[in-house]
Amino acid sequence: GVVYENLNFYCVDVNNALEAQVYQDSAKVYSFNEVVNNPSLAPNIAVPSRLNQVAWVISNINVGYNVATPQSWDGVTYTDNGPITSSDIQAAIWALVSTNGECDSPTNLCTISLNPVSIANVAYIVSSALSSVPDGTTYYPPSAGGYYPVVVIPSDTTQVLITFWQTGCEYPTHSPTVVPTVVPTLAPTCECAYNFIESFSEAFSNFLISVPLGSDSFVTATAVADGVTYDGLETWCVDYEHVIFSLTDYNNTVAYPYTEVIANPSLAPNIVQPLRLNQIAWILENIAVGTPVSSPQSWFGISYSDTGDITVSDIQAAIWAIIEPAGTCDQPTNLCNDDLSTILVGNVAYIYNTAFSAVPDGSSYVIPGSSSYVPVIAYSGSNRQTLIINWSTNCNC
């Protein structure tokens, strides 16, 4: 007896139609993972396992998000990038879920009945989905998310649909989950964090480390930009080879969202592997101080049983293991922890492994549009430690 109106749907079955304004007197409804586990529930879906990637797409790709750079697909670079449209998302969904060779390459995209489609945008969506949820893996929506991907089957002869169904749960605060995942946004409309990234670029008139927080490498900072003071900025180190001193004013510091430094590494030349800022951004979004880690954890073929609640030092050691040159800080026998409090190798292994599981090397991490924080790189010169700040976006999506 309950009426649900204005549900936003995408199609996941390119070979059947569904007419508008035609009343269907019954429909079957399943959570997406039910259909993944039992494909016979929706036999019209050609590759049901790819509902994991489709669920990630509708949870994390926002209409209006600007794809800022050309995208490569099947060895060809496409320059028609720009703001993502619902047609781009629909073409990407069909590319993911249809039979191999049907809609899954730039030369055979299924775009019938769609508005003009940007191939670069579709390439971005498809590659982001498969890097965040590799084939054969499972997408876990956060248990506290306000919406959940649901498959709707009006009849056996009509188009199968997917929608974002409201659960009645409130969105979680900014605290990571144990399962590597990203927070969904309200059926893709929220782009608050992306607007922050587009507009943020600060030259600080004053910047100093104000309060150490239990480790010489995780601190709070104070910045002054355009007469506005930002206090209590949670800050980590991403450059092991240089130092920066507490209560010293660095008035030539500039800051950029992490995505800008990935796209243009010359903005922060002390970062040796800027592409790996993707994994570090994932860590800051998803790994919380105090998260318990089960034992044992395996790293480079060795099991470590020294696990417990994650500390700031564990996270800092994992950041250096990821960002520094190969062989410098990236193995259990050579972790860079001289200036840190006690670390647990099992915890570092967990952070390192889950970061690369969620964001494979060479792939991009796209923060949710509703994210409360965006990682920002602070660069104070070639002879000073480069920092990463978890900067509040003041989003209220």
Side-chain angles (χ1 to χ4, degrees), residues 64-69 83 174 191-213 215-285 316 319-320 322-324 364-369 371-396:
Y65 173 66
N66 185 47
V67 178
T69 58
H174 179 70
E191 53 191 88
C192 176
Y194 306 132
N195 291 337
F196 174 90
I197 289 175
E198 291 285 332
S199 61
F200 184 91
S201 182
E202 295 288 0
F204 299 139
S205 56
N206 301 92
F207 179 78
L208 72 157
I209 303 303
S210 48
V211 181
L213 291 181
S215 161
D216 290 341
S217 300
F218 174 57
V219 296
T220 60
T222 299
V224 180
D226 295 329
V228 179
T229 299
Y230 303 90
D231 283 318
L233 300 171
E234 294 186 356
T235 304
W236 305 83
C237 299
V238 286
D239 164 22
Y240 182 72
E241 301 301 323
H242 297 87
V243 298
I244 198 165
F245 298 101
S246 218
L247 301 179
T248 300
D249 194 357
Y250 297 95
N251 58 13
N252 61 342
T253 301
V254 289
Y256 311 94
Y258 76 102
T259 48
E260 285 192 42
V261 176
I262 292 171
N264 185 2
S266 65
L267 296 175
N270 286 356
I271 298 178
V272 181
Q273 299 193 80
L275 190 59
R276 288 204 170 166
L277 289 173
N278 286 294
Q279 285 80 15
I280 292 172
W282 184 90
I283 289 172
L284 298 189
E285 183 77 24
Q316 181 61 71
I319 287 174
W320 280 332
I322 289 169
I323 202 75
E324 289 299 314
S364 298
Y365 173 60
V366 182
I367 64 169
S371 180
S372 300
Y373 292 83
V374 167
V376 167
I377 304 301
Y379 179 69
S380 300
S382 60
N383 62 341
R384 290 288 173 255
Q385 170 80 249
T386 305
L387 306 171
I388 190 166
I389 301 170
N390 230 11
W391 200 286
S392 173
T393 61
N394 294 316
C395 286
N396 186 24

Contact between [X] and [Y] at the side-chain level, heavy atoms closer than 4.5 Å - yes or no?
X	Y	result
T253	L387	no
I323	V272	no
P257	W391	no
T222	N206	no
I389	F207	yes

- prompt: Taking only residues at least two apart or on different chains, which pairs with a member in residues 260-276 satisfy salt bridge (Lys or Arg N to Asp or Glu O under 4.0 Å)?
  reply: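 For residues 260-276: R276-D361.
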- request: Please confirm whether the backbone N or O of T220 pairs with a side-chain atom of E234, one donor and one acceptor, at under 3.5 Å?
  value: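 Judged by distance alone, no pair lies under 3.5 Å.
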How far apart are the closest heavy atoms of [X] and [Y], and which atoms are they?
X	Y	value
E324	Q273	O-NE2, 2.6 Å
Y379	A268	CD1-CA, 4.0 Å
G64	P83	O-CB, 4.0 Å
S205	A225	OG-N, 4.5 Å
C237	Q316	O-NE2, 2.8 Å
Q385	Y240	OE1-N, 4.1 Å

With sequence neighbours left out, write down each residue that passes side-chain hydrogen bond (donor to acceptor under 3.5 Å, both in side chains) with [X], or none if nothing qualifies.
X	answer
T393	none
N66	none
N270	D239
T386	none

message: For a side chain to side chain contact (heavy atoms under 4.5 Å, CB included) check, start with the C-alpha distance between I262 and L275, then their side-chain angles and the critical distance, and finish with the verdict.
response: CA-CA 5 Å; I262 292 171; L275 190 59; 4.0 Å; yes
Which residues share a side chain to side chain contact (heavy atoms under 4.5 Å, CB included) with [X], sequence neighbours left out:
X	answer
S266	N264
V67	Q71, N81, I84, N121, Y124
A255	F200, F204, V376
A281	Y258, Y365, P375

query: Looking at I280, T259, I271, which hits side-chain contact (heavy atoms from CB on, under 4.5 Å) with I377?
result: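 For I377, the side-chain contact (heavy atoms from CB on, under 4.5 Å) test succeeds with only one of I280, T259, I271, which is I271.
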How far does [atom1] of [X] sit from [atom2] of [Y], to the nearest 0.5 angstrom?
X	Y	atom1	atom2	value
Y373	I367	OH	CD1	13.0 Å
Q279	I319	CD	CD1	12.0 Å
L233	S392	CG	OG	9.5 Å

Any residue meeting ring pair (Phe, Tyr, Trp, His ring centres under 6.0 Å) with Y256, in chain and number order, not counting sequence neighbours: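 Result, ring pair (Phe, Tyr, Trp, His ring centres under 6.0 Å) vs Y256: none returned.
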